[in-house]
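What you see is a predicted model; the values in this text were computed from it and never measured. Each chain gets a letter, A, B and so on, in the order its sequence line appears, and its residues count up from 1.
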Amino acid sequence: MPVDFKEISKRWQKKWSDSKAFEADASDRPKFFITTPYPYVNGLLHMGHTYTYVRVDALARFKRMCGFNVLFPFAFHATGSPIDTAARKVAEGEPGQINALKLMGFKDSEIEKFKDPLHWVKTFSQEAKKDLSAYGMSIDWRRSFLTTDLNPFYDKFIRWQFNTLRAEGRIGQGEHPVVWCPKEDGPVGDHARSEGEGEVPEEWVIVKFKAGDLILPCATKRPETLFGVTNIWINPDLEYVRVRVDGEVWVLAKQAVSKLGNQKHAVDVLGSIGPDELLSLEAENPLTGSKVPVLSAGFVNAEKGTGVVMSVPAHAPFDFAALLRSKAGISPIQVIDVPGRSKPLTLELVKESSGDADLEKLTRKVYLEEEKSGVMSKIAGKYSELPVSKARDEIVADLDCAIPFYELSGPVVCRCLTPCVVRVVDDQWFLKYSDFEWKQEAAKALESCKLYPEKLRDQFLHVIDWLKDWACTREFGLGTDLPWDEKWKIESLSDSTIYPAFYTIAHLIEGLPEDKVTDKLFDFIFKDGSLPEGVDRSIAEDMRTEFSYWYPVDVRNSGKDLVQNHLTFYLFNHTAIFDEKYWPRGISVNGHVLINGEKMSKSKGNFKTLRDVVGEFSADVVRLSVLSLGEDANDVDWHDEVASSMHSKLNAWYDFAVENYASEHIQSEALRAVDRWMEHKLHECIRDSRTAMDEMLFRTAIQRGFFDLQRHLKWYLKRSSGKPSRSVLNKVIEAQTLILAPFAPHLCEEIWFKLEREGFISAALYPVHDESKINPALESSERLISQVIDDVHQVMRLAKVEKPNRIQLLVAPDWKGELCRRAEKLIRQTRNAGEIIKALIPDFKEHSKEVSALISKWVKDPSKLPENAAHEEAELKDLNDAREFFKGVFGCIVEVIPARESEHPKARNAMPSKPAIVVE
RNA sequence: GCGGAGGUAGCGAAGUGGUCAAACGUGCCAGGUUUAGGCCCUGGUGGCUUAGUGCCUUCGCAGGUUCGAAUCCUGCCCUCCGCACCA
């Protein structure tokens, strides 16, 4: 019967909600607290969320079924600039943005409202809540909240967090390069760019060459090549100026002056300087002291650097090409050796006639090669033998006249269509993640943290090690004001590190008047401070109880892209703020969702929202499908066909369970071997799926606990010829339904109800395996029988027999079994066939020829040796017992005969557990 | 470039020194039932073989260690995640 999954889903969701099934409060039961990063609410939840969140929900449901008091809360993130920017775009009538909203199904009249960022936040958090409920998430919604100052309580919590961090010395202020729009006079994030997404400030160095009283500032990314400078390039077509920079007089291209101004240099243009004068200068290499001439070259451009270029012809294709053209008769100076190369790549490949595009390519090639395998040559004095990147760092550190300079990695254009520049701001606030001691604390927190999967650990360690100070404030966007400097908003990754603690009190704190919510109150709740005056004691104490009961978080699960930032920040901040007993207990990571092997993207047209798939396939089917497709940090590849097939499987299980369950009392009955085999398999499946669930290996759990169990059940039904044991069948039906419940909770509730079981299956206990029922010895008979069926099929196929009249199974004589068992032992000791044969022949005199043939075969390929060879008598019994079954399978008489009694030439082929087969 | 994870059948993916031609899922082929069904059942799905339960070849590429390697070692190629003020 077709099951109406959607109707079932709605009905049970309502029952759960009406009975507050997932609302959890502090108690004396063991607790399990699981969280996942809240989504940013600038759109609908999509396929990626279906995976991450169902992993959390499946674990929550499983732990609940293991008797834990489980808290699974959920909230919404509004902090940051994208929503702000999007709202502004709507206000400006930007067609792309408006279209995006239309595609989400909003009517023209509604779109108007999206001019207000608050409307985005409210709309999409509500939509997400609807979608998640329809997806069957077992969330305690009482504890849900929004971030930013839209929510005064969360806002105060974040202020407390930052005041605490500051008091602990975790926050500093300093210089920082940012991408800057000169017109808007502010930083420009990726979201606010019309061009240049992903471009960042790159670190260059300005090396100051002295030329009399003047300074020629050469901007370079490769200061280690200073030893090879043969001349300075300027472009006579550019306009050059003298500029007073930090008290010195520099010469540079006019366009470059503002760059310096933006990078914390005091600049004052003194006047222009002509090419003739420039070309007459002689510059002093600050590293070597040698004097080099200034020459002209057309490739010098003022967009990059200063318009003054140091020329290293041996290692820079543009320089060498220009030098060839200049006919100056200067020879390149080699600074870097590459093993296996007698002459620098540049000198080998560059011709006078090389075009700009070729030179561009070559530059990249040279850079990569020399960066990777180059070492400094002898000429580099104390730096010789060093790898180039190391030499670079040391040279810059040693040279007073080398100063940092930033250049964009590529052109960036602001949303206001103004080209952007790099600006060094000096009042940026940082979280001091570079602090060695803080790193050590984070590493310690990691140590006591269970990771799912464990192989994440190396990456976390690297991130902790390499993490630098994090700029934690922004000048615009939504969020919480930095408490002591309200020009700044706290940046979005920084206001979402310890908020799982807020879940523990979110539903209670709203009962207090806002003005009573102070830092002191948070100290009381989270840090055992004293109760501030005028605060309702019972609420405050409840909050403290909730926090100390639920904390720490037992598992936090997210997509793998958050390891490198959010999850690591999460560790850092917990160590800074909370007592060690509250540090995270577990972190779990999952891969991304691909659709038909491709990354999901709106432009590819394969973008699916959560509500799309749930609408198409139903919650249970999506949940089970997406979890069955992958685990670990691997990506899962969504295919609709998988979901269709999962739909059928679930439907079939519903029918089977409801039709075959005997809810009346079952009389005890004697169990046959096949019944005990079924119990054995059932308990194996229970054991394996339970273990997998605990490790969040849901695909394994589904395979062991669903696919495998179903296969075994099918075999059991066949083997028991339509007369399965009622009690065994009942146990299978109960266990299978319970095992499926964390994945397909709605359907399983419905089955549970139809089985006339009390209460929610969500609150029932997950099956526990009974070790005494597990007995691998029970498997040999069934394995023999299924193997025989396979072999007979193969014989029939090869012999082109479609409908056999008679099948004979000729069972190997006991001496062969004995031979196998003894050979097995000997073959472990030696690979010498002769030795083994010699040892065995005396006991198998009558079969000496066969023995030597078999032994040499087995020595050559031990996998051919039957393991745990059956005894003739047992094999005859197993096969005889299955005769009726075989008859049903093949539709003909099946005879079981000892091979030694058969005249048939095939009889000799019989081996233990592999009877000879005669098909007629 | 740097750090991390990977490359096994059409696809997804088990398997980490011999029992693995490779579980399980999906797809595909053939047959049955049904003959509206995204239902169900049976067999097959690397190549060769076709009275026979066998043989051969594969686990990104190239070498090496071993009686024996998808599994260990070396080099190379490719894919994915992240690389910061962005959620």
Side-chain angles (χ1 to χ4, degrees), chain A residues 2 37 39-40 42 77 79-83 176 178-179 187 189-191 197-198 200 367-368 371-372 389 428 430 453 455-456 458-463 465-474 491-494 496 559-566 591-592 594 596-597 599 625 628-649 651-652 699-700 702-704 706-708 711 714 787-788 790-802 830-832 859-868 889 905-906 909 911 914-919:
Chain A
Y40 187 67
N42 63 340
H77 200 200
T79 310
S81 56
I83 288 175
H176 188 67
V178 294
V179 179
D190 266 350
H191 295 277
E197 198 173 320
V200 291
Y367 178 79
L368 285 179
E371 186 71 14
K372 196 176 162 194
S389 59
Q428 174 61 261
F430 292 92
K455 66 185 168 198
L456 284 173
D458 275 353
Q459 196 180 355
F460 268 113
L461 283 170
H462 275 104
V463 176
D465 193 27
W466 286 109
L467 206 58
K468 299 186 186 123
D469 289 345
W470 180 266
C472 60
T473 53
R474 296 221 47 174
E491 166 277 335
S492 74
L493 282 175
S494 302
S496 53
K560 62 180 171 187
D561 47 325
L562 296 192
V563 170
Q564 292 88 343
N565 45 52
H566 165 73
H592 298 157
L594 307 175
N596 297 316
K599 243 185 186 171
S625 301
S628 77
L629 287 166
E631 61 192 9
D632 262 23
N634 296 329
D635 292 347
V636 304
D637 191 1
W638 173 269
H639 286 87
D640 286 353
E641 304 86 64
V642 174
S644 300
S645 135
M646 211 57 92
H647 178 99
S648 312
K649 284 184 207 298
N651 200 336
R699 188 193 46 203
T700 303
I702 289 168
Q703 189 175 122
R704 296 277 110 74
F706 186 40
F707 298 148
D708 287 354
R711 209 156 29 87
K714 214 175 259 181
Q787 189 60 50
V788 165
D790 283 353
D791 288 346
V792 171
H793 275 302
Q794 187 174 351
V795 170
M796 283 166 57
R797 198 167 57 253
L798 289 166
K800 294 195 168 130
V801 176
E802 287 207 4
T830 173
R831 296 285 153 162
N832 185 328
V859 167
K860 228 171 91 188
D861 183 357
S863 71
K864 298 286 184 295
L865 204 169
E867 267 214 343
N868 301 318
V889 171
K906 297 284 163 211
N909 293 347
M911 288 301 294
K914 208 135 181 101
I917 294 162
V918 178
V919 176

Could you write nucleotides 41-54 of chain B as a row of B, S and -, 5' to 3', where a protein heavy atom under 4.0 Å of any base atom gives B, of only sugar-phosphate atoms gives S, and otherwise -?
SSSS-----BBBBB

Output one letter per nucleotide in nucleotides 27-35 of chain B: B when a protein non-hydrogen atom lies under 4.0 Å from the base, S when only the sugar-phosphate is that close, - when neither is.
S--------

Kindly say whether, by distance alone, the side chain of Gln459(A) makes a donor-acceptor pair under 3.5 Å with the base of rA5(B)?
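Absent.
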
Give me the atom names and distance for the closest heavy-atom approach of [X] to [Y].
X: Gln428(A); Y: Thr473(A); result: OE1-OG1, 2.5 Å
X: Ala633(A); Y: Pro453(A); result: N-CG, 4.3 Å
X: Leu493(A); Y: His566(A); result: CD2-CB, 4.3 Å
X: Pro82(A); Y: Tyr40(A); result: CD-OH, 3.2 Å
X: Ser625(A); Y: Ala643(A); result: OG-CA, 3.3 Å

Taking salt bridge (Lys or Arg N to Asp or Glu O under 4.0 Å) as the definition, give me every residue that meets it alongside [X], ordered by chain and number, with sequence neighbours left out.
X: Lys599(A); value: none
X: Asp637(A); value: none
X: Asp635(A); value: Lys560(A)
X: Asp640(A); value: Lys608(A)

Interatomic distance at P, rA70(B) relative to rG17(B), whole Å
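Per the computed distance, 13 Å lies between those P atoms.
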
Nearest-angstrom distance, C1' atom, rU66(B) to rA51(B)
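Going atom to atom, C1' in each nucleotide, I get 40 Å.
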
Under the rule for side-chain hydrogen bond (donor to acceptor under 3.5 Å, both in side chains), what residues qualify as partners of [X], not counting sequence neighbours?
X: Thr700(A); result: Glu631(A)
X: His647(A); result: none
X: Asn651(A); result: none
X: Lys914(A); result: Asp791(A)

Tell me the interatomic distance from [X], atom [atom1], to [N], atom [atom2], rounded to whole angstroms.
X: Leu461(A); N: rA5(B); atom1: CG; atom2: P; result: 11 Å
X: Lys560(A); N: rG82(B); atom1: NZ; atom2: P; result: 9 Å
X: Phe430(A); N: rA84(B); atom1: CZ; atom2: C1'; result: 11 Å
X: Asp635(A); N: rG7(B); atom1: CG; atom2: P; result: 12 Å
X: Asp632(A); N: rC81(B); atom1: CG; atom2: P; result: 17 Å
X: Gln564(A); N: rC81(B); atom1: CD; atom2: P; result: 11 Å
X: Asn634(A); N: rU8(B); atom1: CG; atom2: C1'; result: 13 Å
X: Leu562(A); N: rC83(B); atom1: CG; atom2: P; result: 10 Å

Between N or O atoms, less than 3.5 Å apart, protein on one side and nucleotides 17-20 of chain B on the other: list the pairs.
residue	atom	partner	partner atom	Å
rG18(B)	N1	Arg831(A)	NH2	3.2
rU19(B)	O2	Glu867(A)	OE1	2.8
rU19(B)	O2	Glu867(A)	OE2	3.4

Is the closest side-chain heavy-atom distance between Pro37(A) and Leu562(A) below 4.5 Å?
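The answer is yes, as the side chains (C-beta and beyond) meet within the 4.5 Å cut-off.
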
State, with a plain yes or no, whether a side-chain heavy atom of Lys455(A) is found less than 4.5 Å away from one of Asp632(A).
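SC-SC contact between Lys455(A) and Asp632(A) confirmed.
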
Selected nucleotide, minimal atom distance to [X] side chain, candidates [options]:
X: Pro82(A); options: rC81(B), rC11(B), rA87(B); value: rA87(B)
X: Asp458(A); options: rA87(B), rG4(B), rG6(B); value: rG4(B)
X: Ser648(A); options: rC11(B), rA87(B), rC39(B); value: rC39(B)
X: Asp708(A); options: rC24(B), rC11(B), rA84(B); value: rC24(B)
X: Ser644(A); options: rG4(B), rA87(B), rG38(B); value: rG38(B)
X: Lys649(A); options: rC81(B), rU26(B), rC24(B); value: rU26(B)
X: His462(A); options: rA87(B), rG3(B), rC40(B); value: rG3(B)
X: Tyr40(A); options: rG25(B), rC81(B), rA87(B); value: rA87(B)
X: Ser492(A); options: rC11(B), rA87(B), rG25(B); value: rA87(B)

May I ask you to evaluate whether [X] reaches the phosphate of [N], defined as a side-chain N or O under 4.0 Å from OP1 or OP2?
X: Thr700(A); N: rA14(B); answer: no
X: Arg699(A); N: rA14(B); answer: yes
X: Lys468(A); N: rC83(B); answer: no

Just label rG54(B) as syn or anti from its O4'-C1'-N9-C4 or O4'-C1'-N1-C2 angle, using within 90° of 0 for syn.
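Anti for rG54(B); the angle lies over 90° from 0.
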
Let me know, please, whether Phe707(A) or Val178(A) comes out on the 5' side of the other along RNA chain B by nearest nucleotide.
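Nearest-nucleotide comparison on RNA chain B picks Phe707(A).
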
Apply side chain to side chain contact (heavy atoms under 4.5 Å, CB included) to Lys649(A) and Met646(A), showing your working.
CA-CA 5 Å; Lys649(A) 284 184 207 298; Met646(A) 211 57 92; 4.3 Å; yes

Under a 3.5 Å cut-off on both pairing distances, which runs of 3 or more consecutive Watson-Crick or G-U pairs involve RNA chain B?
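Correct response: B:1-7 with B:77-83, B:10-12 with B:24-26, B:27-32 with B:40-45, B:46-48 with B:54-56, B:60-64 with B:72-76.
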
